[in-house]
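Just so we're clear, the structure is a prediction, and the values are computed from it rather than from any experiment. Residue numbers begin at 1 in each chain, while the letters A, B, ... track the order of the sequences.
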2 protein chains.
Amino acid sequence: MRTLKYAILGLINRNSMTGYDLMKEFNTDLVNFWYASHSQIYPELKKLTKEGLITYTTVIQGEKMEKKLYSITDEGRSDFISWIREQDLLEPTPKDIFRLKTYFIESMDKSLMINHFNYQLVQRLEKLKKLENTMKDHPYAKKLGKIGSAKYGDYIVLKGAIMRERTYIQWLEECISEMENN
Amino acid sequence: MRTLKYAILGLINRNSMTGYDLMKEFNTDLVNFWYASHSQIYPELKKLTKEGLITYTTVIQGEKMEKKLYSITDEGRSDFISWIREQDLLEPTPKDIFRLKTYFIESMDKSLMINHFNYQLVQRLEKLKKLENTMKDHPYAKKLGKIGSAKYGDYIVLKGAIMRERTYIQWLEECISEMENN
DNA sequence: GTATACATGTAAAAAGTTACATGATTTT
DNA sequence: AAAATCATGTAACTTTTTACATGTATAC
């Protein structure tokens, strides 16, 4: 469905930016729901340029380093807007290797499975801590933003990521406790 | 990481089965954490056979319809066991188109965003109901299973899927209520 | 007899990952 | 001077999806 296309259009629609800037966005804010690497981004930018949905101007950084600053075209913007207006059917449930391994729990002994669960738990707690720190510094969480601004979307998905992470942790903890008491 | 390979090995390790049986598994139980279609399964079965991890016997169904009943080999089993013993690092956060759209909420007006959220909510409530019905009929939920059995893994991931779904719904509801009161 | 389920494959395209490849700029 | 970051690309491969393709068996 060319979702990467719309993720890029949406970002460039907010602000003109380079491929490198996009890459950073995909690695920070968007990492919680849409990751993309530079090897996917650069070819897509080329394609979108050819399709007339974005254009770029070459900017010189320092002495001679060239970078391409991309902007959205009217055509790009209206394509993006019609994408965002579409209602979406539920996607297939995301894949999860850990849940798959858990499903095959009969092939593990008790100590191994508790080990696996604890290892996941440590990592998820670490991840949650980072998300909560991001939230702590977020302007909307400090009541500085308002609904309808770009920062509101940012806030709302961050909140969702924290809820998702807490639930995963709760599941891990409940499983561990159940396994230890049986 | 060839996860599909291990999903198939794990299932065949439980019971000998055909490609069609596998397909049904991937579409029912496993759909909540690892989906695969028949066009992925059949080539993988061929590959695993060539690698000596599984073998098959041809069974005649009815008059002449041939089906291939796959079994795991010792080599396949030990490969599977070493996979299941591995500790896993956290995977990248799964992609989610709806969260991506939500992130770009500044490009929607209030009624459109509430509409989108409600549409998701209806679908997720439906999905949750199905999961809860599956749980209701589950032997472990009726205290008929015990930890360590294959059904326990089944139960534990189903429980996780329900928790995940409830949290998604809670997120949707909180967002709707916040949007309606602002 | 007809519809649904059983049963197995391949082909082409799209999406995503990992590795290869290069060079400039800024910070320490 | 070295390390980190900025900056942009391609190649090869893996994974996944969608479409094409065919035929049998069973339940109603």
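Using a 4.0 Å cut-off, no side-chain N or O of B/Q61 falls inside it from OP1 or OP2 of D/dA25. For A/Y42, a side-chain nitrogen or oxygen approaches OP1 or OP2 of D/dT8 to under 4.0 Å. At least one side-chain nitrogen or oxygen of A/K95 sits closer than 4.0 Å to the OP1 or OP2 atom of D/dT16. OP1 or OP2 of D/dG9 sits under 4.0 Å from a side-chain N or O of A/K68.
Per the geometry, CE belonging to B/M23 stands 8 Å off P belonging to C/dC6, to the nearest Å. At whole-Å resolution of the value, CD1 in B/I41 and P in C/dT8 are 11 Å apart. The distance from atom NZ of A/K5 to atom P of C/dG16 is 14 Å, rounded to the nearest whole Å. Atom CZ in A/F26 sits about 12 Å away from atom P in C/dT17, given to the nearest Å. As a whole-Å value, the separation of B/L22 CG from C/dA7 P is 12 Å. If you take CD of A/Q40 and C1' of D/dA12, they are 15 Å apart, rounded to a whole angstrom. One interatomic measurement links the two molecules: NZ of A/K47 to P of C/dA14, which rounds to 7 Å at whole-angstrom precision. The OH-C1' distance, from B/Y35 to D/dT16, rounds to 10 Å in whole Å.
Between A/F33 and B/F98 the shortest side-chain heavy-atom distance does not fall below 4.5 Å. Looking only at side-chain heavy atoms (C-beta outward), B/Y56 and B/L48 stay at 4.5 Å or farther from each other. Between A/M23 and A/T18 there is no side-chain heavy-atom pair separated by less than 4.5 Å.
For the pair B/L69 and A/E44, nearest-nucleotide mapping onto DNA chain C gives the more 5' position to B/L69. Each of A/G62 and A/L4 was assigned the nucleotide of DNA chain C with the nearest heavy atom; the assignment lying further toward the 5' end belongs to A/L4.
Considering only the side chain of A/K67, D/dA7 comes nearest among C/dT25, D/dA7, C/dG9. Distances were taken from every side-chain heavy atom of B/Y20 (C-beta onward) to each of C/dA7, D/dC6, D/dT17; the shortest belongs to C/dA7. Among C/dA15, C/dT8, C/dT25, the nucleotide with an atom closest to any side-chain atom of A/K64 is C/dT25. Among C/dG9, D/dT17, C/dT25, the nucleotide with an atom closest to any side-chain atom of B/K46 is C/dG9. For B/H38, counting side-chain heavy atoms from C-beta on, the closest listed nucleotide (D/dA7, D/dT24, D/dC20) is D/dC20.
You won't find any donor-acceptor pair under 3.5 Å spanning the side chain of B/S39 and the base of D/dT16, going by distance alone.
Under the 4.0 Å criterion applied to side-chain N and carboxylate O atoms, B/E44 and B/K5 are not assigned as salt-bridge partners. Remark: B/E132 engages B/R166 in a salt bridge, criterion side-chain N to carboxylate O under 4.0 Å.
In this structure, B/T18 reaches the sugar-phosphate backbone alone: every heavy-atom distance under 4.0 Å involves primed, P, OP1 or OP2 atoms, never a base.
Classification of the A/Y42-A/H38 ring pair by plane angle, with boundaries at 30° and 60°, yields perpendicular.
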